[in-house]
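Naming: A, B, ... by sequence-line order, numbering from 1 per chain.
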Amino acid sequence: MNDKRPLSYELTKGIIKENPVFVTLLGMCPTLAVTTLAKNGIGMGLATTFVLVCSNIVISLLKRVIPDSVRLPSFIVIIAGFVTLIEFLMKGYLPELYDSLGIFLSLITVNCIILGRAEVFASKNNVLRSALDGLGMGLGFTLALFLMGAVREIIGSGCFWGIKIGDLSAKPMLIFIMPAGGFFTLGIIIAVINKIANRKPPAEISCEGCPSAALCKKSTAEKASCNTEEAAKI
Amino acid sequence: MKEMIMILIGASIINNVVLSQFMGICAFLGTSKQLKNSVGMGLAVVFVMTFATLVTYPVYILLDKIDATYLKTVAFILVIALFVQLAEMAIKRFIPPLYKALGVYLPLITTNCAVLGAAITNVDRQYTLAKSLVNSVGTGLGFTLALVLFAGVRYRLESSDIPETFKGVPATLVAAAIVSLSFMGFAGIV
């Protein structure tokens, strides 16, 4: 599939054009939860990138071996394996970051970006392309998390990377590092991107790339048919 | 008993799973468009979360015995996925009305991080089985509460006049921020 596309495209598309957070709106939970500091955002982003690249490579290698009917559980187990690996590595080498990411490190397992890329891309493309795709998407995710973290850290605690910024640190707007600030910051950033890119805002959270999309669509179609039946009865 | 009630209130309102811990955001934004869907999704999450706790608790004891608790992420997600699949088949076969109400939401819940999150939180805090169950039910109820409240907010949002660039997702997120702000008022009660 898509063998005509240049390899560099697979790498760069995830960073801006198909950025997983700002454009396809996937992986919202870690985006909102861990970005109280720019440092945490980078750490979480790189951990996810590692898992994404490794799982994409393995899934792409095994794509002919895994039977279609059990592919989702198989993907999840492969992903969970790499998540356990990164947990060990981070606990050993970066214990501080490990503590601040907390439960969200384990929850990389259910990050829909990773399962989505496995389902949409790695299970249909060769190893090199899958690895580049994983790297690009991971870096796009890291960039988004860094941006969120930087905005929230600068406004919310008046620091950047732990260094105080002049007057800002005297009276920081604490609300930005609280949960409400996460939703607010992400909303504003997406609005700004919409304005700059001058693109028509997406009507709702898109299902594209989400592994459950097929089921979801099926169920909404069923519901629609139910509704018409009910309407016909009336 | 007092402790149980504290856990229940803490899990459902004070540390609300969606609005202050950021788990299950996708489901929160995706299914809160209509009140009916949000109630169905919320109840399905309560159901899965409760039973997932029942099945992950013995798994963790087993892992602890063979000194392999580091495998908990892999083991839990497998057990939860297996349980959801079986539950879907069983409900479809034996309780068709329930399937009609909750069935469509069940497959989506496997990858809902709130379920795995609740299971991991329970073992991290070393809760007993009873406390784990109370915590899971509380978390599920908190999820339902957030979803239903937000469905109401979004209903108003649909008919309001929003600047062009904020239409759609940005406006929804800013509205979620305000709902989350209101839940901050509960902080420090327990």
> If you check every heavy atom in residues 133-152 of chain B against those of chain A, which residues fall under 4.5 Å?
Replying inline: none
>> Which residues in residues 77-84 of chain B have any heavy atom closer than 4.5 Å to a heavy atom of chain A?
In response: B:I77, B:L78
> To the nearest 0.5 Å, what is the distance between CG (B:L181) and CZ (A:F184)?
Replying inline: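 CZ of A:F184 is found 10.5 Å from CG of B:L181.
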> Heavy-atom distance under 4.5 Å to chain B: side chain of A:T84, backbone, both or neither?
Replying inline: side chain
> Given a strict heavy-atom distance threshold of 4.5 Å, which part of A:I103 is in contact with chain B: side chain, backbone, both, or neither?
Replying inline: side chain
> Do the non-hydrogen side-chain atoms of A:I175 and B:M184 ever get within less than 4.5 Å of each other?
Replying inline: yes
> Given the options B:S182, B:A175, B:C113, B:P163, which has more heavy-atom pairs under 4.5 Å with chain A than any of the others?
Replying inline: B:C113
Chain A contact via [X] - which portion, at a heavy-atom distance below 4.5 Å:
X: B:T172; result: neither
X: B:I178; result: neither
X: B:M23; result: both
X: B:Q85; result: neither

> Mind checking which of residues 87-100 of chain A sit less than 4.5 Å from chain B, heavy atom to heavy atom?
Replying inline: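 Within residues 87-100 of chain A, the residues that come under 4.5 Å of chain B (heavy atoms only) are A:E87, A:F88.
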>> Filter on salt bridge (charged side-chain N to carboxylate O under 4.0 Å, His left out), then keep only pairs touching residues 126-147 of chain B, sequence neighbours left out; what's left?
In response: B:E3-B:K131
> chain B: which of A:G81, A:A80, A:A180 shares the most heavy-atom pairs with it under 4.5 Å?
Replying inline: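 Between A:G81, A:A80, A:A180, the count favours A:A180.
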> Between A:I76, A:I188, A:L32, which shows the greatest number of heavy-atom pairs under 4.5 Å with chain B?
Replying inline: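 Max contact count across the listed options: A:L32.
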>> How close do B:F22 and A:C29 get, counting heavy atoms only, and between which atoms?
In response: O-CB, 3.2 Å
